[in-house]
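Within every chain, numbering begins at 1; the chains are lettered A, B, ... in the order of the sequence lines, protein sequences first and strands thereafter. Predicted model, so just to flag it, every value in this text is computed and none were measured.
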2 protein chains.
Amino acid sequence: MGQKGEETRTRLLDAASRLLESGGYFGAGLNQVIAESGAPRGSLYFHFPGGKDQLVSESVRRAGRDISALITGLEATSTADLLSQLLAVLGDRLERSAWHQGCPVATVALELSATNDAVQQVCSEAYQSWEAALRDQLLADGHPDAEDLATTVLALIEGGLLLARAHRSRQPLIRVSRTIKAIL
Amino acid sequence: MGQKGEETRTRLLDAASRLLESGGYFGAGLNQVIAESGAPRGSLYFHFPGGKDQLVSESVRRAGRDISALITGLEATSTADLLSQLLAVLGDRLERSAWHQGCPVATVALELSATNDAVQQVCSEAYQSWEAALRDQLLADGHPDAEDLATTVLALIEGGLLLARAHRSRQPLIRVSRTIKAIL
DNA sequence: AAAAATATGTAGATTGGTCTACAGAGGGAG
DNA sequence: CTCCCTCTGTAGACCAATCTACATATTTTT
């Protein structure tokens, strides 16, 4: 694949990611993806012959890797510190995007987890990888119930992002962060 | 309004609630609502002249009241006990519906919170009422940081439900429940 | 020239929304 | 009692716009 082809493909994925995160699977039309990416309609089906499901799957997979790298890349002194930083970064992103960009997986997962096996699988794998990254940090911190705790922490992050979006306010994230600091 | 009219209206709201919870705002088509409710198209716009947004708003509002009543109605010896019961009830509902029925607000909130002011408002109010119910329980339990804790607990519930749906498994709910018991 | 990628056009279904027609219950007037 | 009018609610045809997907032709790259 030539350089230009790769660029077009990336532009399509970028636009899809943004739209999917903002409005979910059904809220993101391919026409909109095409318009925002500037790519022609034919290019979409050339690069993603599997149609919308392939585009969405690859977009979610890429977002999963990105967040995973974000978690692993943060340098924190403790798990509480890691979460504090993580929530701050995600909160920044959310507010700067005018409450459009929260969790790049959540909306799609909720819409499709019961009805679309292929996409459900991808979403599940993304969450698994984040949980594994959190668990490693907790283990390194010497927590005994790292498995349970990693799931709980991920639920807290996802729930916090959801509430923040719903209220259009960072307050839920701040409160969650404060409670974590008090408890851990 | 006669009895029959009220029934049709309720049937429309029931169908809308089910479809909204399963596939979100964009995933729930009015044609589907009409088909599942058995009501004719004209009746929909008679009972909900504001169209889809009014139907969705009233559906979310009703679901908000239902969950609020569920929280208030549970008889628990402590907050940890309350959450354990709540997560069990919600987990049952989720699994019995084949992972279709999780949180009746979350999907719509994620899809629309940034773009649809009216619906965002309704979702925000639903979450506020649940949080208030949880805060009251925490206060009665004598917790000092009841405000922060209520937000955190709600985030845990929502995050747990999201992960359970994404993985099609009750495990996240079980793990969250266990961690809560260990911490509170 | 062959392969890769772009550029449109269009098919067919589905979307939310509007429109008109009409069935039936209930109330007032003769 | 009965005729008539009104209001509630049902019923479904219809519309413009949009959706995903595909077909075909053209351009660019190697």
Side-chain angles (χ1 to χ4, degrees), chain A residues 1-60 107-108 111-112 115-119 122, chain B residues 1-20 22-60 107-108 111-112 115-120 122:
Chain A
M1 187 172 323
Q3 189 187 343
K4 181 142 182 228
E6 199 60 61
E7 268 177 29
T8 302
R9 197 187 145 89
T10 303
R11 282 214 318 277
L12 281 166
L13 276 176
D14 288 344
S17 292
R18 205 169 42 246
L19 290 167
L20 282 173
E21 191 167 354
S22 173
Y25 182 90
F26 299 113
L30 293 188
N31 289 329
Q32 222 177 336
V33 172
I34 288 164
E36 289 214 12
S37 70
R41 185 179 299 289
S43 298
L44 197 160
Y45 285 94
F46 173 80
H47 290 290
F48 304 93
K52 190 175 188 179
D53 277 13
Q54 187 187 351
L55 178 67
V56 170
S57 292
E58 295 205 21
S59 169
V60 169
T107 315
V108 174
E111 284 177 312
L112 296 186
T115 51
N116 186 319
D117 293 357
V119 176
V122 176
Chain B
M1 188 171 323
Q3 189 186 345
K4 182 138 180 240
E6 199 61 60
E7 268 176 30
T8 303
R9 197 186 146 89
T10 303
R11 282 213 318 278
L12 281 165
L13 276 176
D14 288 344
S17 293
R18 206 168 42 245
L19 290 167
L20 282 174
S22 173
Y25 181 91
F26 298 113
L30 292 188
N31 290 327
Q32 223 176 333
V33 172
I34 287 163
E36 288 213 13
S37 70
R41 193 168 202 81
S43 297
L44 196 161
Y45 284 94
F46 173 81
H47 290 290
F48 304 93
K52 191 175 189 180
D53 277 13
Q54 187 187 350
L55 178 67
V56 170
S57 292
E58 295 204 21
S59 170
V60 169
T107 315
V108 173
E111 285 177 311
L112 297 185
T115 51
N116 186 319
D117 293 357
V119 176
Q120 180 268 337
V122 176

Smallest heavy-atom separation, B:Asn116 atom then B:Asp53 atom, equals ND2-OD2, 3.1 Å

Winner on side-chain proximity to B:Tyr45, out of C:dT15, C:dG17, D:dT10, is C:dG17

From CZ of B:Arg41 across to P of C:dT15 the rounded distance in Å is 9 Å

Taken to the nearest whole Å, CG/A:Leu55 to C1'/D:dC19 is 15 Å

Main chain of B:Arg18, side chain of B:Ser22: is a donor-acceptor contact present, judged purely on distance under 3.5 Å? no

Q | Sugar-phosphate, base or nothing in reach of B:Gly29, heavy atoms under 4.0 Å | A | sugar-phosphate

Between B:Ala39 and B:Ile34, the two heavy atoms sitting closest are O-CG2, 2.9 Å

note: B:Leu12, atom CG; D:dA11, atom P; distance rounded to Å ~ 11 Å

Of the listed C:dT15, C:dT8, D:dT20, the closest approach to the A:Leu30 side chain comes from D:dT20

_Is there a side-chain contact (heavy atoms from CB on, under 4.5 Å) between B:Arg9 and B:Phe48? Walk through the geometry before answering._
CA-CA 9 Å; B:Arg9 197 186 146 89; B:Phe48 304 93; 3.8 Å; yes

Quiz item: Can you check whether B:Phe26 reaches A:Thr107 side chain to side chain, under 4.5 Å on heavy atoms?
Solution: no

Among the nucleotides D:dT20, C:dT8, D:dT10, whichever has the atom closest to the side chain of A:Lys52 is D:dT20

Ranking C:dA7, D:dT10, D:dC22 by distance to the side chain of B:His47, first place goes to D:dT10

Taken to the nearest whole Å, CG/B:Leu44 to P/D:dG12 is 14 Å

Query raised in the report: Would one find a side-chain N or O of A:Asn31 under 4.0 angstrom from OP1 or OP2 of D:dT18?
Result: no

To the nearest angstrom, the CZ-P distance between A:Phe26 and C:dA13 comes to 19 Å

- Would one find a side-chain N or O of A:Ser43 under 4.0 angstrom from OP1 or OP2 of C:dA5? no

Among D:dT20, C:dA4, C:dA7, the one nearest any side-chain atom of A:Phe46 is C:dA4

Need one value for A:Gly42: base, sugar-phosphate or nothing, where a base atom within 4.0 Å counts as base even if backbone is also close, heavy atoms only.
base

Atom CZ of B:Phe48 and atom P of C:dG16 are separated, to the nearest Å, by 15 Å

Closer than 4.0 Å, any side-chain N/O of A:Thr8 to the OP1 or OP2 of C:dT6? yes

